[in-house]
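Data first, discussion second: the structure below is written as structure tokens.
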Amino acid sequence: MSRPIFRFAPSPNGHLHLGHAFSALLNARMAAEVAGRFLVRIEDTDETRSRQELVTAIFEDLTWLGLQWEQPVRIQSEHFPEYQSNLHRLWNMGAVYPCFCSRKEALGKALPIQDPDGQPHYGGTCRLLSPAEVNGRILRGDTHGWRIDMERAGDDAAAIWGDTMIAKRHVGSSYHIAVVTDDALQGITHVVRGMDIEPSTALHKLLQRLLGLPTPHYHHHELIRDAAGNKLSKSLASTSLRELRQKGTTAGDIRERLGFSGSEV
Ligand code: GLU
């Protein structure tokens, strides 16, 4: 049997904090417990927010924590054509449609239902455009994103998202398509991530079904607590690892605080 594969997949739009440390340590420990593999993946498809110096800082912080991961690291911004190709497959099967609405237009015709991110469900204006109109507008170069056609998908679990945007303007991808493409391509067997991302899992499972990709095991961990099981204060939880390091906190202190002392990874 092939070895289980785990991954820690941060987005380089801020420095890692204790919550990231917990997730990374947990993935590495779970991988070690089953003699599995541990990968790090950089999720930088949001080019407006991602910064190269933060990628370097992520590697530094993870090394400081004592983690080791396989090389080379997959950097999503180097793989846009692969995500676009999956987006095209979804378009060919009628699972997604281009949306030309500005943010304001979309909000103006939104439905009175909120998705898990607190955004109202899209009203579906662009779903009703004729193929001729869509082609005309695309040929004209009108900017557009891509929305999933949730009614057509008929997926009760993912319906909480409505016709959510799965690929942004100018980019041709999004976190959602990139994550399912890469999890499949890298053979990820176990996705271990925070409860805050749990609602996205229904969407990821839907994309996997549509694209014929395997569905890994999902485990959503509690947001961090200290070794005694108490919730950390918000300010401590959001303090960056480098700030803690500058204040004299050691990697050992962090492991202990997060319940990983004595752990091999
Ligand atoms: N890149 C996401 C984040 O930093 C995590 C994605 C995932 O683990 O699937 O929030």
Side-chain angles (χ1 to χ4, degrees), residues 4-31 36-62 65 67 69-70 73-80 82-83 86 115-119 157-158 161 164-168 171 173-209 211 213-224 237-242:
I5 310 180
F6 292 73
R7 92 296 195 272
F8 173 60
S11 299
N13 41 35
H15 284 297
L16 297 187
H17 51 65
L18 278 178
H20 294 108
F22 180 78
S23 213
L25 286 163
L26 184 61
N27 270 283
R29 182 168 73 187
M30 288 175 82
R37 296 167 53 194
F38 172 59
L39 313 183
V40 171
R41 183 170 73 220
I42 298 296
E43 302 210 318
D44 57 348
T45 55
D46 185 347
E47 291 182 304
T48 54
R49 299 177 65 207
S50 301
R51 303 207 323 258
Q52 181 52 45
E53 64 270 27
L54 291 170
V55 176
T56 310
I58 286 172
F59 296 147
E60 274 170 20
D61 289 348
L62 294 177
L65 274 177
L67 290 169
W69 57 95
E70 291 184 18
V73 166
R74 189 167 168 89
I75 311 276
Q76 290 191 325
S77 60
E78 295 170 2
H79 298 279
F80 280 121
E82 287 157 66
Y83 311 136
N86 271 340
D115 72 16
D117 284 346
Q119 297 296 319
W161 288 99
T164 194
M165 189 74 98
I166 61 153
K168 292 183 199 159
V171 178
S173 181
S174 72
Y175 158 62
H176 299 299
I177 293 190
V179 93
V180 298
T181 302
D182 284 355
D183 282 341
L185 208 120
Q186 297 188 290
I188 303 299
T189 56
H190 294 73
V191 172
V192 177
R193 57 189 181 189
M195 287 293 276
D196 51 336
I197 310 182
E198 187 176 24
S200 295
T201 299
L203 199 53
H204 296 171
K205 287 183 175 171
L206 166 60
L207 291 173
Q208 285 151 357
R209 175 165 66 75
L211 292 165
L213 304 174
T215 294
H217 297 288
Y218 284 97
H219 170 69
H220 299 95
H221 58 75
E222 291 272 338
L223 298 182
I224 44 168
S238 59
T239 306
S240 72
L241 296 180
R242 47 195 50 217

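Counting starts at 1 for both ligands and their atoms, following the listed order. Computation of the quantities below employed the complete heavy-atom set of this structure, encompassing side-chain atoms and omitting hydrogens, waters and symmetry-equivalent molecules.
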Which pairs, with at least one residue in residues 52-62 and sequence neighbours excluded, count as a salt bridge (Lys or Arg N to Asp or Glu O under 4.0 Å)? Arg51-Glu53, Glu60-Arg242, Asp61-Arg242, Asp61-Arg245

Pairwise salt bridge (Lys or Arg N to Asp or Glu O under 4.0 Å) hits with a residue in residues 176-202, at least two apart: Arg7-Asp183, Arg41-Asp182, Arg41-Asp183, Arg74-Asp182

Parallel, tilted or perpendicular: rings of His20 and His17 (30°, 60°): tilted

With the criterion set at N/O pairs under 3.5 Å, what does the list of contacts between the protein and ligand 1 look like, atom names and distances included?
unit_1: ligand 1; atom_1: 1 (N); unit_2: Ala9; atom_2: O; d: 2.7
unit_1: ligand 1; atom_1: 1 (N); unit_2: Ser11; atom_2: OG; d: 2.9
unit_1: ligand 1; atom_1: 1 (N); unit_2: Glu43; atom_2: OE1; d: 2.6
unit_1: ligand 1; atom_1: 4 (O); unit_2: Ser11; atom_2: N; d: 3.3
unit_1: ligand 1; atom_1: 4 (O); unit_2: Ser11; atom_2: OG; d: 3.3
unit_1: ligand 1; atom_1: 8 (O); unit_2: Arg7; atom_2: NH1; d: 2.9
unit_1: ligand 1; atom_1: 9 (O); unit_2: Arg7; atom_2: NH2; d: 2.8
unit_1: ligand 1; atom_1: 9 (O); unit_2: Tyr175; atom_2: OH; d: 3.4
unit_1: ligand 1; atom_1: 9 (O); unit_2: Arg193; atom_2: NH1; d: 2.7

Does Trp161 use its side chain to pair, donor to acceptor, with the backbone of Pro199 at less than 3.5 Å? yes

Taking only residues two or more places apart in sequence or in another chain, which ones pass ring pair (Phe, Tyr, Trp, His ring centres under 6.0 Å) with Phe8? none

For this output row, return yes or no: ring centroids of His217 and Phe6 closer than 6.0 angstrom. no

